[in-house]
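Notes follow once the structure below has been shown.
Lettering follows sequence order; numbering is per chain, from 1.
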Amino acid sequence: MKLEEILIPKVQEAVKTLYGVEITPAQVQFQKTRAEFEGDITLVVFPFVKAARKAPAMVAQEVGEALVGGLIEKYNAVQGFLNLCIAQSYWIEQLQAIAENTEYGQLSRGEGEKPLMMVEYSSPNTNKPLHLGHVRNNLLGYSIAKIQEANGWNVVKTNIVNDRGIHICKSMLAWQKFGNGETPENSGKKGDHLIGDYYVRFDVEYKAQIKELMAQGMDEETAKKEAPLIKEAQAMLVKWEQNDPEVRALWQKMNEWVYAGFDETYKQMGVSFDKIYYESDTYLVGKGEVERGLAKGDFYRREDGSVWADLAQNGLDEKLLLRADGTSVYMTQDIGTAKLRFEDYPIDKMVYVVGNEQEYHFKVLSILLDRLGFPFGKELVHFSYGMVELPNGKMKSREGTVVDADDLMAQMIADAKEISKDKVNTLPDITEAEANEIARVVGLGALKYFILKVDPRKNMLFNPEESIDFNGNTGPFIQYTYARIQSVLRKAGENIDSRLSNPESATLSDKELSLIQRLVDYPAAVRQAGDEFSPAVIANYAYALACDFNSFYHDHSILNEADADKRALRLMLAQNVAKVIKSAMALLGIEVPNRM
RNA sequence: GGUCUGGUAGCUCAGCUGGAUAGAGCAACAGCCUUCUAAGCUGUGGGUCUCGGGUUCGAAUCCCGACCGGAUCACCA
């Protein structure tokens, strides 16, 4: 049982005996005792000081006197704060319980079958490679899935691939016109990058055509519509929709190149999906749903044939669902995807990991799904995260300021390799393969932690000119703490005896005590991260744990400790710190190395 | 303009469900490796928590207003 849960009734009872008033559990407020005072946990007496009709310092003193004994060894009252010292045997029992729990940090949602949460993330377009914005999305999505699993959900990770539309036609057209049969095989280019290059090429040629038309006296608006290239692309989209075999074959071929490229990127990033949906499969379903809603009277058709939802009753405007020509829009596709998913899985909660620029879209989607009768519609969660900004603003593909995901990861691994060179090479029996593996784990660890440690809701800054740190509050710092512990455990050998001969009489130093208390906090961090959808909570926890351990490690010898009980206790501590670090980092999708 | 969101040290960020003297890292400076991995540890300097009101025993935290930034309000996706 949690310490607070044990103490709350005791405090309630003490207050009743002393002052004859009943207080609610909410009025019993605890906080961690500040380092400058003696004690483990502090009761804030202000919430019931009025009812007691005495000065805060007096109330603290009297309540302390009433509580002391047994679990509470000592107390001291400072103004309205009652600092309580908990018996060390309690903390040692806690540590032993953690040590015995092989799934420490895995929480339960109560009895019965686990509810199902579907988490959608990544959602790439097939016309260009993944960039830094996707990296944040993928890392957040994967981490949230892991965190919710730890919170007792069955999680299905899903991806919706935007594989149709005019943007794909642009790449296809440019490839047809300027590609000269270039393929990933004959050029050695990664498929998604190859397609991305032709997307850029289209834009270059298109712009040139606009310029030319304007030179002939056409205004910009008209030129943008009349340029031959854009007309060809539009014609291609129509053919695609009509299932033209030639266009479809080209589309299929180029998409396969892209998917092969994406797979590589996802693999390197360490993210995965349980089920992938494609918009080319879902957009027609969406049209069907809109037609159904229309028949049901949820939506209405305008004279030009377009279909709309009136959201006035929800305080919003009107929203287009089908164009006058019958083609679908973004919203149509998301409705279709939702329907397919609902047919495929008994979804209890649907989570969309999508940037905050689309808050309006998901607000509307939620309303529309609800109207169409999807149980998860009303309750859908838009896990809305902030943009990754560069020093001079947003990333813009046209201005070439996009930070490519593959390049970024490769750079991080190369940096890790360079930084670790002197150190890793001194490790005994190190092989080139292991050194490379360490660089991979550490480089990606630095990148992932850098991104996940910041509050997902906030915009964050990435400066490509400055390399991501490997010292201080970083992934490698935490990984290093883990590697150090592994080193100690290896040296301790097979016969680690972490049982205490008499736990009752063991004494703990301040650092040992804080470390145990930090370990005890882990489940609360997992719970909070789940409730708030925030991997940052886990990142901050893991950092604090690593700090506590390093401080402990600096002050105490583990293996050279003469006292067998102390040695055993410290080994047990080290083992469990490593266990929790590994577990917490896994929730972030970060691996930990045994040596570095 | 409406709506949403942010403003904390030179920089990047914690803290925000109100509690004691606002914390880290980076950068700067000064120390600690014959002892379990120095990607570590210890210390110094660095703050009008954007500003102004309000609520409260108590406000970085809650409320109102102002200022500054970002997003959004498409027959784009």
A:Thr33 vs A:Ile419, nearer the 5' end of RNA chain B by closest nucleotide:
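Nearer the 5' end of the strand: A:Thr33.
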Which residue lies more 5' along RNA chain B, comparing A:Val454 with A:Leu82 via nearest heavy atoms:
A:Val454
Nearest to the side chain of [X], heavy atoms from C-beta on, is which of [options]?
{"X": "A:Asn459", "options": "B:A14, B:U37, B:G70", "value": "B:G70"}
{"X": "A:Asn540", "options": "B:U37, B:U21, B:A14", "value": "B:A14"}
{"X": "A:Leu320", "options": "B:C13, B:A77, B:C75", "value": "B:C75"}
{"X": "A:Asn125", "options": "B:C75, B:C41, B:A77", "value": "B:A77"}
{"X": "A:Asn550", "options": "B:G23, B:G40, B:C75", "value": "B:G40"}
{"X": "A:Asn356", "options": "B:A38, B:G19, B:A71", "value": "B:A71"}
{"X": "A:Asp455", "options": "B:C75, B:G19, B:A14", "value": "B:A14"}

Across all strands, who's sitting opposite [N] as a Watson-Crick or G-U wobble pair, both distances under 3.5 Å?
{"N": "B:G69", "answer": "B:U5"}
{"N": "B:C76", "answer": "none"}
{"N": "B:G25", "answer": "B:C11"}
{"N": "B:U56", "answer": "none"}
{"N": "B:G45", "answer": "none"}
{"N": "B:A38", "answer": "none"}

Can you tell me how far [atom1] in [N] sits from the matching atom in [M], rounded to whole Å?
{"N": "B:G18", "M": "B:A60", "atom1": "C1'", "answer": "10 Å"}
{"N": "B:C4", "M": "B:C64", "atom1": "P", "answer": "10 Å"}
{"N": "B:U61", "M": "B:G15", "atom1": "P", "answer": "15 Å"}
{"N": "B:A24", "M": "B:G40", "atom1": "P", "answer": "16 Å"}
{"N": "B:A14", "M": "B:G46", "atom1": "P", "answer": "24 Å"}
{"N": "B:U8", "M": "B:C13", "atom1": "C1'", "answer": "10 Å"}
{"N": "B:A30", "M": "B:A71", "atom1": "P", "answer": "43 Å"}
{"N": "B:A74", "M": "B:C67", "atom1": "P", "answer": "26 Å"}

Would you kindly give the [atom1]-to-[atom2] distance between [X] and [N], to the nearest whole Å?
{"X": "A:Tyr352", "N": "B:A77", "atom1": "OH", "atom2": "P", "answer": "17 Å"}
{"X": "A:Asn425", "N": "B:U37", "atom1": "CG", "atom2": "P", "answer": "17 Å"}
{"X": "A:Phe46", "N": "B:C57", "atom1": "CZ", "atom2": "P", "answer": "11 Å"}

Using a 4.0 Å heavy-atom cut-off across all strands, classify [X] as base, sugar-phosphate, or nothing.
{"X": "A:Gln31", "result": "base"}
{"X": "A:Met387", "result": "nothing"}
{"X": "A:Ser420", "result": "base"}
{"X": "A:Val442", "result": "base"}
{"X": "A:Thr42", "result": "base"}
{"X": "A:Arg457", "result": "nothing"}
{"X": "A:Asp304", "result": "base"}
{"X": "A:Gln358", "result": "base"}
{"X": "A:Tyr330", "result": "base"}
{"X": "A:Asn594", "result": "base"}
{"X": "A:His382", "result": "nothing"}
{"X": "A:Phe470", "result": "base"}
{"X": "A:Lys458", "result": "base"}
{"X": "A:Tyr543", "result": "sugar-phosphate"}

Between [Y] and [X], is there a side-chain donor-acceptor contact under 3.5 Å, judged purely by atom types and distance?
{"X": "A:Thr327", "Y": "A:Arg323", "value": "yes"}
{"X": "A:Gln358", "Y": "A:Tyr330", "value": "yes"}
{"X": "A:Asn138", "Y": "A:Ser122", "value": "yes"}
{"X": "A:Glu120", "Y": "A:Asn159", "value": "no"}
{"X": "A:Asp163", "Y": "A:Thr126", "value": "no"}

Are OP1 or OP2 of B:A38 and a side-chain N or O of A:Arg484 less than 4.0 angstrom apart?
yes
Please evaluate the base of [N] for a donor-acceptor partner in the side chain of [X] within a cut-off of under 3.5 Å?
{"X": "A:Asn83", "N": "B:A20", "answer": "yes"}
{"X": "A:Glu36", "N": "B:A20", "answer": "no"}
{"X": "A:Asn471", "N": "B:C26", "answer": "no"}

According to the 5.5 Å centroid and 30° plane-angle thresholds, does A:Phe37 stack upon the nucleobase of B:A20?
yes
Would A:Phe477 pass as stacked on B:G40, i.e. its ring centre under 5.5 Å from the base's six-membered ring centre and planes under 30° apart?
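Taking the rule of under 5.5 Å and under 30°, the ring of A:Phe477 does not stack on B:G40.
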A:Lys582 atom NZ, over 12 foreign heavy atoms within 6.0 Å
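No, NZ of A:Lys582 has 12 or fewer neighbouring heavy atoms, counting only those of other groups under 6.0 Å.
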Residues A:Glu437 and A:Arg440 bridged, charged N to O under 4.0 Å:
yes
Can A:Glu318 and A:Arg302 be counted as an ion pair, charged N to O under 4.0 angstrom?
yes
Flag, side chain of A:Glu38 to backbone of A:Cys85, donor-acceptor distance under 3.5 Å:
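Such a contact is absent between A:Glu38 side chain and A:Cys85 backbone.
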Quick check: does any side chain N or O of A:His361 sit under 3.5 Å from a backbone N or O of A:Met331, one acting as donor and the other as acceptor?
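It does not hold such a pair.
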For B:C29, does the O4'-C1'-N9-C4 or O4'-C1'-N1-C2 angle fall within 90° of 0, making it syn, or is it anti?
anti
